[in-house]
Amino acid sequence: MSTQSTAPATSADSAAVARIQHRRTYLMCRPEHFTVSYTINPWMEPANPTDTAKAVAQWQKLYDTYLELGHEVHLIDPIEGLPDMVYTANGGFLIDGVAYGAKFRFAERVPEGPAFMEWFAANGFEVAEPVEVNEGEGDFLLVGDVILAGTGFRSTGDSHRELADVFGKEVVSLTLVDPRFYHLDTAIAVLDPVQGEGGVEHATIAYLPHAFDEASQAELARRYPDAIQVSDEDGAVFGLNSSSDGLNVIISPRAKGFEAQLRERGYNPILVDLSELLLGGGGIKCCTLELRR
Ligand code: ARG
């Protein structure tokens, strides 16, 4: 990772630390076949019309934003009949050139697993084929040297053990309890790739406390006393389903409170509207898979 630039100290009363941008490599999938033809989360309502051209245009804005920020974006070809393939975060979880493949919970998405694994192998990643049901970076988030792993709706607890075996890292299991926030990346945003020392300014992660059971809330509070806790209102518009490079945080324009919280901590929020893709229950982070070599 290379250092690009730092955030300017904007106001005199700002206690914010200088943020450092890290260059990222992402995998995305143009939503050419996007539609909502089945229901596997509470956001999906096949009776509501979708506009594929609008989905593509909104997605393009996200893609262009990454390039403008200096990130590298790879593309996987969309497959007809797999409308959820645009949500590449679910395609796997990759660290140090190793790709732990996804094994989807619902039949509608099962064929995506091998399609992504094929792409990883063809692009030089060592693929670890999954035995357990897991939905990749939708449920697994790397924070410093620790992996936060979600369960409750999609990825199983057994996949958390498999994940720990594959990567040899500490895995912290967190239980999601609200069906609207069925993947971990709808309830936690990793803001800083480096685990901070603690202290109010650092704000390594942001999360929605009510999306978790009590034990998980306590675990998050203990590990991240400096975290940004977002309001239910911002959570409900998928404010946390965002992507950060350590300085710039791409978020939904509807997450007004979160936008202000980010500014206070020295981050630079950039607003990108993916309203059409929210009809499928996904947002910015869902459309973004980080490729770590
Ligand atoms: N319709 C997709 C599903 O229910 C949306 C996936 C959203 N992805 C995410 N990383 N949260 O599986």
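For ligands, and for the atoms within them, numbers begin at 1 and follow the listed sequence. Positions are given from 1, in the same order as the sequence printed here.
The nearest protein atom to atom 10 (N) of ligand 1, hydrogens excluded, is given as Asp185 OD2, 2.7 Å; this is a heavy-atom distance. Taking atom 12 (O) of ligand 1 as the reference point, the nearest protein heavy-atom neighbour is Arg109 NH1, 2.7 Å. Closest protein heavy atom to atom 9 (C) of ligand 1: Cys286 SG, 2.7 Å.
For ligand 1, the atoms lying closer than 4.0 Å to a non-hydrogen atom of Gly138 are 10 (N). Each of the atoms 5 (C), 7 (C) of ligand 1 lies under 4.0 Å from some heavy atom of Gly281. Here is the list of ligand 1 atoms found below 4.0 Å of a heavy atom in Met44: 1 (N). Distances below 4.0 Å separate heavy atoms of Arg154 from the following atoms of ligand 1: 3 (C), 4 (O), 12 (O). Counting atoms of ligand 1 from 1 in the listed order, those under 4.0 Å from a heavy atom of Gly280 are 1 (N), 2 (C), 5 (C). The ligand atoms of ligand 1 that sit less than 4.0 angstrom from a heavy atom of Asp84 are 1 (N), 2 (C), 3 (C).
For ligand 1, the polar-atom distance check against His183 finds a nitrogen or oxygen pair separated by under 3.5 Å. Some N or O of Asn90 is nearer than 3.5 Å to an N or O of ligand 1, by distance alone.
Both the sub-6.0 Å distance and the 45° axial angle are not jointly satisfied by Arg154 relative to the ring of Phe104.
At a 4.0 Å heavy-atom cut-off, ligand 1 touches Tyr182 through the side chain alone.
When only modelled atom types and interatomic distance are considered, Glu112 and Tyr87 share no side-chain donor-acceptor pair under 3.5 Å.
The aromatic rings of Tyr66 and Tyr26 sit tilted, their planes meeting at an angle between 30° and 60°.
The same ILVMFWY cluster, assembled from side-chain heavy atoms under 4.5 Å apart, contains both Val190 and Val146.
A salt bridge (Lys or Arg N to Asp or Glu O under 4.0 Å) with Asp273 holds for exactly one of Lys61, Lys54, Arg254; it is Arg254.
Within a 6.0 Å sphere centred on CD of Gln60, heavy atoms belonging to other residues, nucleotides or ligands number more than 12. Open room surrounds CD on Glu126; 12 or fewer heavy atoms of other groups in view lie less than 6.0 Å from it.
Side chains of Ser159 and Phe140 form a contact here, defined as non-hydrogen atoms less than 4.5 Å apart.
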